[in-house]
Structure formats: structure tokens, C-alpha cells
Amino acid sequence: MLDKIRSAALEGYVRNKFGEYLQGGDFSAELNTSECFLKIAATLAGEESRTLFNIEKFELQTLENGKDKNLVVREISCNRPWLKKLAENYLLDKPVSLPSFIAGAL
């Protein structure tokens, strides 16, 4: 149940912050924190078909201060080869600092 709430919050955040990049606000997210995956689907501005980007496996690392967290993406898939390659080069196995409001929710 909490993951559904978190997914809805993520959808609202992305639509609000990055709405200009979306075609008609089309963005959906399915977060599963127990199985550590995130599935994202969106129609990007100017595109006719949806982009599917899946973080198949992620880890959350709590930092020494006990409150901040990093996200480490371990496996990805995507229906856009160029985006998958970009994510492999710049996201895969690299710690990403999470904003405090997101870290607190996870």
C-alpha cells in the first residue's frame, strides 16, 4: 500500500517539475521497495510512443549521518537503446544522492 502512495507522489512530482518534457502529462511510475524496482513509462514531448525505462534492481545506502541516502542502480532496461546506453554510462553502479524528502519517504 505504501508503494502505491509513493508511486503516486512520484508521478505528481515529475508531472509538476518536468511537465514541459511530457506529452499531455503522460507519466506513470510503479515503485516496489521490497523487491527494489521502479518501472517508469512516459510519452515525451514531441513523441508518439511511450518510453519505457525500468530500474530492475536498486539499492538504498544510508550514509554515516543516518538520515541521508544514496540510490545505486544495479540493473536497467529500456525500449530506447540510446537512453539505455546513456543510463549504463552515467547511472549504473554510481551512487546518486537523494533529496531529503525522498530519502525520508524510503
Side-chain angles (χ1 to χ4, degrees):
M1 181 64 164
L2 281 177
D3 283 340
K4 288 188 185 279
I5 294 167
R6 290 176 179 130
S7 296
L10 176 60
E11 289 173 0
Y13 175 78
V14 169
R15 284 187 190 115
N16 184 48
K17 184 140 179 109
F18 303 104
E20 66 187 298
Y21 299 105
L22 303 172
Q23 187 78 18
D26 180 35
F27 179 85
S28 64
E30 178 188 349
L31 174 66
N32 185 312
T33 54
S34 63
E35 295 183 32
C36 297
F37 71 77
L38 172 62
K39 297 182 181 207
I40 296 171
T43 304
L44 303 174
E47 298 289 326
E48 293 187 20
S49 62
R50 293 184 107 195
T51 297
L52 307 174
F53 186 87
N54 299 323
I55 296 174
E56 304 288 352
K57 192 72 172 169
F58 67 82
E59 294 174 17
L60 291 174
Q61 299 173 338
T62 302
L63 302 184
E64 289 182 17
N65 65 16
K67 64 176 184 168
D68 294 325
K69 293 181 183 176
N70 283 340
L71 172 77
V72 182
V73 175
R74 297 296 184 194
E75 295 176 39
I76 57 168
S77 65
C78 184
N79 68 338
R80 302 281 195 259
W82 68 269
L83 183 55
K84 183 175 188 240
K85 188 64 175 167
L86 185 71
E88 288 171 347
N89 289 342
Y90 294 98
L91 184 61
L92 200 61
D93 298 322
K94 295 174 176 60
V96 176
S97 179
L98 295 175
S100 60
F101 72 94
I102 293 175
L106 297 173

Worksheet item: Can you tell me how far CG of Asn89 sits from NZ of Lys84, rounded to the nearest 0.5 angstrom?
Response: 11.0 Å
Worksheet item: Sequence neighbours excluded, which residues qualify as side-chain contact (heavy atoms from CB on, under 4.5 Å) partners of Asn79?
Response: Thr51, Leu52
Worksheet item: So do the side chains of Arg80 and Ser49 get within less than 4.5 Å of each other, counting heavy atoms only?
Response: yes
Discussion item. side-chain contact (heavy atoms from CB on, under 4.5 Å), that's the test. Do Arg74 and Cys36 meet it? Break it down for me.
Written reply: CA-CA 10 Å; Arg74 297 296 184 194; Cys36 297; over 6 Å; no
Discussion item. I'd like to know if the side chain of Asn54 reaches the main chain of Ser77, judged simply by a donor and an acceptor atom lying under 3.5 Å from each other, with no hydrogens or angles considered.
Written reply: no
Worksheet item: Ser97: what forms a side-chain contact (heavy atoms from CB on, under 4.5 Å) with it, not counting sequence neighbours?
Response: Asn70
Worksheet entry | Lys94 NZ: over 12 foreign heavy atoms closer than 6.0 Å | yes
Worksheet item: Roughly how far apart are Leu2 CG and Leu31 CG, rounded to 0.5 Å?
Response: 10.5 Å
Discussion item. Could you report the tightest heavy-atom contact between Ser7 and Ala29, atom names first, then the distance?
Written reply: CB-O, 3.3 Å
Practice prompt. Determine, using the 4.5 Å side-chain heavy-atom cutoff (strictly less than), whether Val72 and Leu91 are members of one ILVMFWY cluster.
Written response: no
Worksheet, complete the sentence: One should read off an interatomic distance between Lys69 NZ and Thr62 OG1, to the nearest 0.5 angstrom, of 5.0 Å
Discussion item. Any heavy-atom pair between the side chains of Phe37 and Glu75 that's under 4.5 Å?
Written reply: no
Item to complete: Find out if a path of hydrophobic residues (ILVMFWY) with successive side-chain heavy-atom gaps under 4.5 Å connects Ile55 to Leu60.
Response: yes
Worksheet, complete the sentence: Note: Ala87 and Ile76 closest approach over all heavy atoms is CB-CD1, 3.4 Å
Worksheet item: Would you say the side chain of Ile40 lies within less than 4.5 Å of the side chain of Val14, judging by non-hydrogen atoms?
Response: no
Item to complete: Mind checking the CD-CG spacing from Gln61 to Leu71? Nearest 0.5 Å is all I need.
Response: 9.0 Å
Worksheet item: Going only through I, L, V, M, F, W and Y residues with side-chain contacts under 4.5 Å, is there a path from Leu92 to Leu83?
Response: yes
Donor-acceptor list for residues 17-25 side chains, cut-off 3.5 Å, not counting sequence neighbours:
{"unit_1": "Gln23", "atom_1": "OE1", "unit_2": "Gly46", "atom_2": "N", "d": "2.8"}

Worksheet entry | Euclidean distance, Asn32 CG relative to Glu30 CD, rounded to 0.5 Å | 7.0 Å
Worksheet item: NZ/Lys57 to CG/Leu38 distance, rounded to the nearest 0.5 angstrom?
Response: 13.5 Å
